[in-house]
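So you know, we letter chains A, B, ... as the sequences are listed, proteins then strands, and number each from 1.
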2 protein chains.
Amino acid sequence: MKTEIHDRIAQLRRAMAQAGVDATIIPRTDPYQSEYLADHWQSVRWLTGFTGSAGTLVVTADDALFWTDSRYFLQAADQLEGTGIELMRDGLPDTPSIETYLADHLTAGNTLGIDGMLFSIARTDALRELFEPLGVRIMVDFDPIDELWKDRPALPAGKIFVHDIKYAGRSAAEKIADVRAEVAASGADAVFISDLAEIAWVLNIRCDDVACNPVATAFLYISGDEVVLFTDPAKVDEPTAEYLRANGVSVQSYTDVRQYLSWLPASVKVLLSASQSAGQLVSILGERSVVGGSAVAMLKAVKNPTQIAGMRAAMVRDGVALVQSMVELEQRLADGVRTTEMDVDRILTRHRSGQPLYFDNSFDTIAGYGEHGAIVHYEATGETDAEIDGGNLLLIDSGAQYLDGTTDITRTIAIGEPTAEQRHDFTLVMKGHIALASAVYPAGTRGVQLDVLARQYLWREGLTFLHGTGHGVGQFLNVHEGPQSIRMNDTFAPLVPGMITSNEPGLYRSGKWGIRCENLILTTEAMTTDYGSFLRFETLTLFPFDRTLFDTSMMTPDEIAWVNDYHALVRRSLMPALTDEAERRWLDEHTLPLN
Amino acid sequence: MKTEIHDRIAQLRRAMAQAGVDATIIPRTDPYQSEYLADHWQSVRWLTGFTGSAGTLVVTADDALFWTDSRYFLQAADQLEGTGIELMRDGLPDTPSIETYLADHLTAGNTLGIDGMLFSIARTDALRELFEPLGVRIMVDFDPIDELWKDRPALPAGKIFVHDIKYAGRSAAEKIADVRAEVAASGADAVFISDLAEIAWVLNIRCDDVACNPVATAFLYISGDEVVLFTDPAKVDEPTAEYLRANGVSVQSYTDVRQYLSWLPASVKVLLSASQSAGQLVSILGERSVVGGSAVAMLKAVKNPTQIAGMRAAMVRDGVALVQSMVELEQRLADGVRTTEMDVDRILTRHRSGQPLYFDNSFDTIAGYGEHGAIVHYEATGETDAEIDGGNLLLIDSGAQYLDGTTDITRTIAIGEPTAEQRHDFTLVMKGHIALASAVYPAGTRGVQLDVLARQYLWREGLTFLHGTGHGVGQFLNVHEGPQSIRMNDTFAPLVPGMITSNEPGLYRSGKWGIRCENLILTTEAMTTDYGSFLRFETLTLFPFDRTLFDTSMMTPDEIAWVNDYHALVRRSLMPALTDEAERRWLDEHTLPLN
């Protein structure tokens with residue numbers, strides 16, 4: 001493998017030399033700026049051998065360097081060893097940014113080559129602004145991968161299917177009309193959509209092209225009189241084609257997209273998203289492009305009543321699967337059966353996949369025991385897979401895609417009797433979770449304004465967590481979606497009734513344990529007063545927190561009441577769906593009021 | 001007066017016609033984008049008769065319109081009546097913005113004339129972006145006021161004096177070096193500073209050109225080898241001139257500034273602030289201008305130990321003056337002497353001005369009794385001046401400029417026995433005040449992240465306040481300064497140790513009463529842990545809150561302890577400075593622990 005990596009980098013350098021490129025940046029992404037990638041787009045993995053989910057390769061005539069963040073320092077050091085690729089530990093004070101490194105190593109007359117389909121408009125503009133004043137040319141159509149990677153996986157070939165209106169709640173034709181109104185309001189005539197979740201949402205179509213994200217590889221063009229889905233025609237069977245026709249959508253081949261765009265009339269103004277659309281689209285569309293925000297993100301984020309009802313129903317089935325999983329897990333541990341982190345994943349997936357309407361997991365399960373729980377994006381592998389032996393905390397972050405809803409839940413569970421320190425840490429996290437879950441806020445409030453509620457008790461003790469407190473969640477769509485979020489930086493999107501967001505503060509004690517407590521919360525109306533309209537959250541997720549981990553001496557009566565009320569709701573919601581006596585008993589015991 | 005206004009608008013229209021201007025916008029500001037104006041810049045008042053602190057006049061051949069915000073709807077309606085100027089109530093759904101109005105009323109080929117010295121670079125750019133595509137020309141040097149306003153007040157003629165290093169803590173020469181480093185870091189060679197507080201801070205000079213703001217009318221140019229203060233030479237006496245020379249500062253006439261800038265070498269890059277510098281400066285400097293942020297704001301906001309010591313000392317004197325004022329006020333009320341809102345202002349100003357190092361008030365006192373307290377920027381006039389007769393709340397927001405520090409404090413006081421509803425409202429506001437005052441937060445935190453702490457208890461009951469929670473405060477300088485703030489929108493400046501900010505949540509019950517509780521708080525180090533560096537606030541203001549207004553049944557033990565600890569600190573700090581027995585007794589009684 002290491003030799004192959006050497007070869008591949010050498011081949012890349014030859015392609016660079018032929019094209020007159022002095023440096024290239026190869027990001028781990030696809031033309032849709034996706035978080036989860038189909039194999040076809042795993043060129044960074046092919047070029048470097050690195051299998052993590054974040055990293056960027058930079059190659060010059062002399063150097064090959066790989067930037068990744070702290071989650072992957074150990075893994076990347078291991079996987080890059082002997083490849084000749086130098087690891088650049090992103091975020092450390094001594095590590096230059098890619099831009100700084102290249103600005104230092106390129107000189108006037110040099111060319112920086114990138115595949116403009118893999119860089120957003122905003123990023124492409126930033127590169128131009130930085131390098132062009134230095135006399136460095138940016139070549140935006142340098143894409144040698146297809147030629148070098150002889151056995152490159154084909155584009156995904158999943159079949160597109162229709163997401164039934166009984167789950168979607170609003171027809172594709174209606175959504176297309178909504179998008180057209182947004183486009184008109186932005187002053188454009190048409191929109192070209194790259195984001196795969198947005199395409200799936202607008203057309204009420206789904207697919208299994210990408211693990212965990214039920215989307216189809218495609219682009220979508222919507223003008224005043226046309227809707228064109230660019231995708232592999234083999235993915236569209238006749239019933240789907242008929243459905244699309246009935247909603248006014250024509251299908252063209254994925255490979256036609258550039259030609260189609262370049263042949264559009266000179267007068268048409270096509271809206272592109274600065275953060276989601278590829279920079280190369282601007283090169284193709286030229287004066288016809290209008291760069292702005294997404295025309296779909298806000299529409300998609302606000303769920304309609306049918307979607308919300310679907311999410312509620314999915315939460316009950318997911319809760320049932322989790323109760324079944326916990327009963328099985330506890331029984332194994334009680335029986336002394338060796339159980340590892342990967343077993344937890346298998347147990348959860350088995351019970352979830354037994355539930356009606358299950359389609360896939362919504363992301364790769366994180367089951368981190370003890371010190372592994374402190375690694376925020378930990379995913380157990382054969383090498384790391386730890387036995388759950390008792391005396392520590394088990395962090396489980398998992399979720400599923402059901403046809404009617406998407407779940408994402410994190411629970412932290414004491415294996416055996418927890419220590420006072422573990423209970424202290426857990427209770428601090430839960431106090432923040434409860435403060436956010438109980439918040440009331442005026443219409444127009446953004447997540448950045450509420451984030452401190454979840455962090456305040458940690459901060460008071462000089463503790464914090466570095467990830468966001470909450471992300472938007474799709475309905476039978478990507479588990480991470482915008483535009484809203486609850487985090488320390490401002491994403492400028494207000495929390496609007498109908499949005500579903502996660503509430504997931506945590507605390508990570510390196511080398512000891514990790515704690516995260518995550519529910520999904522729905523923004524809903526609270527009240528209207530002389531002072532305006534006020535909103536609140538309703539918690540949708542239905543599964544008990546570990547009662548043995550609460551230190552009630554640190555909690556206010558209101559906080560204790562919140563936990564007890566929530567547990568009563570969980571019991572009321574899940575009990576009717578449980579028939580097995582052991583499962584019913586488990587739920588009963590685990591939803592008793594706190595002492 | 002009304003006839004004069006008709007005449008003045010007619011004269012303005014003739015000047016517009018002569019210059020070929022179809023519409024003009026006349027904002028209430030000066031070339032430094034100041035909040036407080038010298039009389040010379042009160043052209044909106046001269047043209048309209050409106051005496052409030054916010055408003056913009058728009059004149060076309062047919063219409064004269066005046067936009068102002070809700071604070072001034074009543075006052076403006078009254079003052080504009082009969083002038084032929086139409087009141088545009090800013091912020092109401094039916095009121096177009098000035099831009100929308102003009103875009104509807106101007107057509108291709110028209111000219112919009114503005115005095116480019118009264119519009120920031122950002123605002124000028126926005127006007128260009130909006131109107132130029134419509135074919136409307138922007139004339140940026142339309143300034144007919146000087147010619148029309150025959151008895152226009154001269155530029156302020158206050159004498160500049162030196163702010164002693166024993167208060168400033170850092171010499172002008174050192175600060176100039178600091179600014180030069182900032183300018184170099186921004187890639188410019190020089191900076192042209194318009195903000196009067198920044199100029200005063202850099203050079204350690206003060207003046208009485210503007211009420212409440214101890215600044216001098218001037219511009220300041222700093223390059224690598226030159227520092228030029230543009231001001232009226234009559235303002236600079238020989239000792240001050242000698243002081244400036246010793247710090248490498250030359251003085252040129254205020255009227256030379258345009259010529260000086262236009263004669264700068266073509267190669268020099270001059271940093272301007274997009275929000276603080278006038279748009280016309282870009283027209284003068286052309287390619288030599290570099291538009292960015294302020295090179296001074298952050299340096300000025302972070303107080304050095306000498307400044308902090310001065311602020312602390314000023315707080316003691318201010319607290320003493322407030323105790324004296326309250327004793328006098330209560331005695332008057334007890335004696336049945338008729339006492340009005342304006343009396344409160346007079347009493348406060350008399351006691352403050354008796355304190356050592358007093359220079360001026362730091363803003364116009366707001367003393368609002370009963371329903372007047374609910375008018376956020378209320379200032380009692382002869383017509384409104386209400387008697388303080390008992391049975392309601394008195395809101396007093398006031399402050400002073402001392403040579404060593406600036407104060408800004410709001411207290412809400414029950415006159416007589418407060419009602420349960422008044423105590424409820426007051427306690428809600430105080431719970432937010434205490435939550436913000438007690439916050440611990442990581443280095444890098446911005447005010448927008450903490451704002452909810454002050455609002456959360458109000459929001460929970462469908463209440464809020466529409467002003468910011470906190471603004472930066474200068475040291476013997478403007479009582480409102482940036483870059484930090486604590487408010488619902490993000491101003492992107494972190495809270496840094498040494499910054500002084502206000503903590504002033506409120507609640508306004510229209511027609512009933514207003515409540516605001518304001519202290520100044522210093523950002524300081526809290527602790528450094530494995531999770532980074534954490535900061536906290538230290539309250540600087542020293543004066544008791546009204547103990548009769550607390551409803552302790554709504555408070556946690558921690559909140560009650562905060563109030564008791566704060567009151568103990570106030571007693572400890574002020575008692576040694578009080579000799580009068582009645583004052584000592586008053587302080588003693590008003591700082592007892594809550595029941």
Where on [X] is there a heavy atom nearer than 4.5 Å to chain A: the side chain, the backbone, both, or neither?
X	value
Thr445(B)	side chain
Arg509(B)	both
Arg536(B)	neither

Rounded distance [0.5 Å steps], [atom1] in [X] versus [atom2] in [Y]:
X	Y	atom1	atom2	value
Phe534(B)	Glu461(A)	CZ	CD	10.5 Å
Gln449(B)	Asp490(A)	CD	CG	9.0 Å
Met527(A)	Leu463(B)	CE	CG	8.0 Å
Asn489(A)	Phe492(B)	CG	CZ	9.5 Å
Asp558(B)	Thr556(A)	CG	OG1	11.0 Å
Leu450(B)	Asp451(A)	CG	CG	10.5 Å

Quiz item: Does the side chain of Tyr531(A) come within less than 4.5 Å of Leu507(B)'s, by heavy atoms?
Solution: yes
Quiz prompt | When Leu466(A), Leu458(A), Val452(A) are compared by non-hydrogen pairs under 4.5 Å with chain B, the top option | solution = Val452(A)
Practice problem: Give, as side chain, backbone, both or neither, the part of Phe465(A) having an atom under 4.5 angstrom from any heavy atom of chain B. | Solution: neither
Quiz item: Counting heavy atoms not belonging to Leu92(B), are there more than 12 under 6.0 Å from its CG?
Solution: yes
